[in-house]
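The chains referred to below are lettered A, B, ... by the order of the sequence lines, with proteins before strands, and numbering in each begins at 1. As a basis for the values below, the full set of heavy atoms in this structure was taken, side chains included, without hydrogen atoms, waters or symmetry mates.
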Amino acid sequence: MLNLNLDQLNPEQRQATTHIDGPLLILAGAGSGKTRVITTRIAYLIQRGIKPESILAVSFTNKAATEMKERVAGVTGPKLAKQVYLSTFHSLGADILRRDIDALGYKKPFAILDQGDQNAIIRDALKEFRLDPKIVDPGRILSIISKAKMGFCEPKDLPELRHDPLTQYAQKIDGFYKKALKGLNAVDFDDLICLPVHIFEQHEKIRQKYAKKFQYVMVDEYQDTNMLQLLFLNHLVKDHQNLCVVGDDDQSIYGFRGAVAENILEFERQFEGTVMVKLEQNYRSTNLILDAANAVIANNEVRKDKALWSAAGDGEKLRYIECDDDREEAEYVAAEIERYKLDYDLDYSDFAILYRVNPQSRVFEEALRTYSIPYTVLGGQEFFDRKEVKDFVAYLRACANPNDEVSIRRIVNVPPRGIGPTLLERISEFAHVNKWTFRRALNELARDPSRVEGIGHKVSDKLSDLVDMLDDFGDRFEAAEQDPTVRLAELGRDVLKRTHMINHILSTEKNPRIARRRVDNVEEILSSLAYYQDRSGGTLQKFLTRIALDRSDMNDKSEEQKGVKLMTLHSSKGLEFPCVFLVGMEEEYLPHIRSMNNPQDLSEERRLAYVGITRAKRHLTLTSAATRMRYGKAEDREPSRFLAEIPPETIDIQRAGDAQSLADQREAQNQKYLSALKAQIFKS
DNA sequence: TAGTGTGCCGTTTTT
DNA sequence: CGGCACACTA
Ligand SMILES: Nc1ncnc2c1ncn2[C@@H]1O[C@H](COP(=O)(O)OP(=O)(O)OP(=O)(O)O)[C@@H](O)[C@H]1O
């Protein structure tokens, strides 16, 4: 019935897979089949008669969750796989809150704030306390508040920040921030996990409901979990202890997000009777790649030593290519992709370009475009941080949920309707004294503007136009939920028209290129809405929830799968590619300039290098540039210190700047390309 | 309140 | 280079 074959596992993997009850820890190096064990184990449990809906598998990213779902479906078939609860911590938390947030005195539905929204609230707080945002950086305050939540404590209790002068401000602002969120009936990302924990603590019945439902719990990438997530898990599993976690301390790269490697290192002590399984055979990479990775990570002092080996043979040596500048680097990589593709009969989708920070993708995108190589950039949330994108999404949210005060406040003066900060404040006050929602206050003012000082006919006309529009589209979107023939994207386009947002963009942005781009961004929301509706048949509500929780992959998947993948080292975790380019191997990128000063951060950078190297199955090229255009100026760069940690016998060093060799390669490449073309023509 | 200009500053990494 | 916060004017 099930397509489950345990012969595809080595003895240790099999032991882990067939372990059913009680805590299980799988601690193993990269590419040793940890994720495979999780997916196979899910299938095995189902085969043993365990109900799929009582299995919870949590992973870290939406991408990993989707991939796991597919892998499970491959073994059990899609019908059973669908019933397994497989998602990220944050989606699970959001689901719990959707059902039970009223237990904490919030209303349903609640709003999920993004970083921009959070930032605005911190800025409000700074104003309230008369603090200068130049001295008290809102971003850092936010990160302290977030760290506190992830440690399930208050800012002042954070040991590592005890002496940070910002911490006392954060402590003060924390209270304001929490109240503000509750007042807005909104939660931030950390709350998606934090509030469920509160619910579990305060309402034993609710806790039991979930603990009973999820009889078997599995967590991938456990080294990236934080204190809060451990608490959360413990509430779910403390009755039955059926928790299986999988991870690798060498791949712990989310320290900045509160991840504590202790979770995995202390697991055996925290969960009595833990069975531990180590996996030592790597099935992903050839040995030279593995040797290089092992040598690099061995420079970290604090780690559990692992003996990774591969039966795949030595394979090809790594290559380090030193380029003169960033454009040469990008062009070199593009040319090499073509060459490898022909030499090894690879597909574009077999290639990945990995880098440390998102903006590094740009140069490569340009080069790939000029070479007509298809590609996709994964991750990077700048798209959703664009003003025009946030504005339009806020309109959609305001239509879908009249109580979404954050969104309504955002769009009430976009395009300008004569409501500046002072009027906005007065309207809030007006709502507050009458115990109305912000939206209700707007409705009243649309009818009777005299109730708030400073609102004239012009403003109130526009206001009534706005509330009419929100009502109208709210109804239409709601009606669309019953009628699948309604095109959500068309409705969305009508919203765009009715609000004149496009005109607003075109008239405020005088640089036509940028104006165009902004309009395109708004259009992209519409096309992803259309795509979403076609694929999942969901409602606007669901679409909005989805983009709040998962801001990646809103494009056509089949298109995406075809091309070369560009992504940060962080997003590459858990993935594998036959041919990897690790680009920008320079000091200040890797290690990143902000992580060069203390040894702990530096170790995490090294782990990042380790993650990057171990993504490669067969071909790995590292590149650096001697000079790089940054902020419109050329900057000198030094090769990364981690390059020196790679054993010389595993790597070949070349200069791309060697014009001769580059020209030769191009020539050879052209030849090959021509003959391949010829062969194809003759075949058909 | 809207619209323009100036000057600053940067870029981790993600849910 | 490009985006953003702030200040100043109409
Ligand atoms: N017993 C096995 N026989 C053959 N191939 C295997 C076996 N176990 C795992 N693999 C393959 O090895 C590769 C790595 O597996 P997987 O992604 O599960 O490793 P991982 O430990 O999760 O890696 P990482 O820590 O880097 O995320 C995959 O291509 C998988 O199919």
Does [X] come within less than 4.0 Å of [Y], counting only side-chain N to carboxylate O?
X: A:Arg303; Y: A:Asp250; answer: yes
X: A:Glu645; Y: A:Arg606; answer: yes
X: A:Arg71; Y: A:Glu67; answer: yes
X: A:Glu388; Y: A:Arg518; answer: yes
X: A:Lys34; Y: A:Glu221; answer: no
X: A:Glu635; Y: A:Arg630; answer: yes

Whole angstrom value for the distance that separates [atom2] of [N] from [atom1] of [X]:
X: A:Leu92; N: B:dT15; atom1: CG; atom2: C1'; value: 13 Å
X: A:Gln115; N: B:dT13; atom1: CD; atom2: P; value: 11 Å
X: A:Ile253; N: B:dT14; atom1: CD1; atom2: P; value: 9 Å
X: A:Phe384; N: B:dT15; atom1: CZ; atom2: C1'; value: 13 Å
X: A:Asp220; N: B:dT15; atom1: CG; atom2: P; value: 14 Å
X: A:Leu608; N: B:dT12; atom1: CG; atom2: C1'; value: 10 Å
X: A:His570; N: B:dT14; atom1: NE2; atom2: C1'; value: 8 Å
X: A:Asn597; N: B:dT12; atom1: CG; atom2: C1'; value: 13 Å

* Structure fact -> Whether each nucleotide of nucleotides 1-10 of chain B has a protein heavy atom under 4.0 Å at its base (B), only at its sugar-phosphate (S) or at neither (-) is summarised, 5' to 3', as SSS------B
* Asked: Does a side-chain N or O from A:Asn358 land closer than 4.0 Å to OP1 or OP2 of B:dT14, or not?
  ->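 For B:dT14, OP1 or OP2 has a side-chain N or O of A:Asn358 closer than 4.0 Å.
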* Asked: A:Ser595 side chain N/O closer than 4.0 Å to the phosphate oxygens (OP1, OP2) of B:dT13?
  ->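 Result: no.
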Using a heavy-atom cut-off of under 4.0 Å over every strand shown, decide if [X] touches base, sugar-phosphate, or nothing.
X: A:Arg517; value: sugar-phosphate
X: A:Phe89; value: nothing
X: A:Tyr589; value: nothing
X: A:Glu588; value: nothing

* Over all heavy atoms of both residues, which pair between A:Ser572 and A:Val611 is shortest? Give the atoms and the distance, please. =>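 Minimum heavy-atom separation between A:Ser572 and A:Val611: OG-CG1, 4.0 Å.
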* Asked: Closest heavy-atom contact between A:Ile121 and A:Phe176?
  ->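 Minimum heavy-atom separation between A:Ile121 and A:Phe176: O-CE2, 3.9 Å.
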* Residue closer to the 5' end of DNA chain B, A:Ser571 versus A:Pro359 (nearest nucleotide) ->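 Per heavy-atom nearest nucleotide, the more 5' residue is A:Pro359.
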* Asked: Does the side-chain ring of A:Phe60 lie flat on the base of B:dT15, meaning centres under 5.5 Å and planes less than 30 degrees apart?
  ->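 Check failed, A:Phe60 does not stack on base of B:dT15.
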* For nucleotides B:dT13 and C:dC4, find the distance between their P atoms and express it as a whole number of Å. =>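 Each nucleotide's P atom is 16 Å from the other's.
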* Would you call the rings of A:Tyr210 and A:Phe200 parallel, tilted or perpendicular if under 30° counts as parallel and over 60° as perpendicular? ->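 A:Tyr210 and A:Phe200: tilted rings.
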* What nucleotide, of B:dT12, B:dT15, B:dT13, holds the atom closest to the side chain of A:His592? ->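 That would be B:dT12.
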* **A:Arg410: which of A:Asp391, A:Asp404, A:Asp114 passes salt bridge (Lys or Arg N to Asp or Glu O under 4.0 Å)** =>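 The option that passes is A:Asp391.
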* Please list, in 5' to 3' order, the outermost nucleotides of DNA chain C lying under 4.0 Å from any heavy atom of chain A. =>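 So the contact region on DNA chain C extends C:dC1 to C:dC6.
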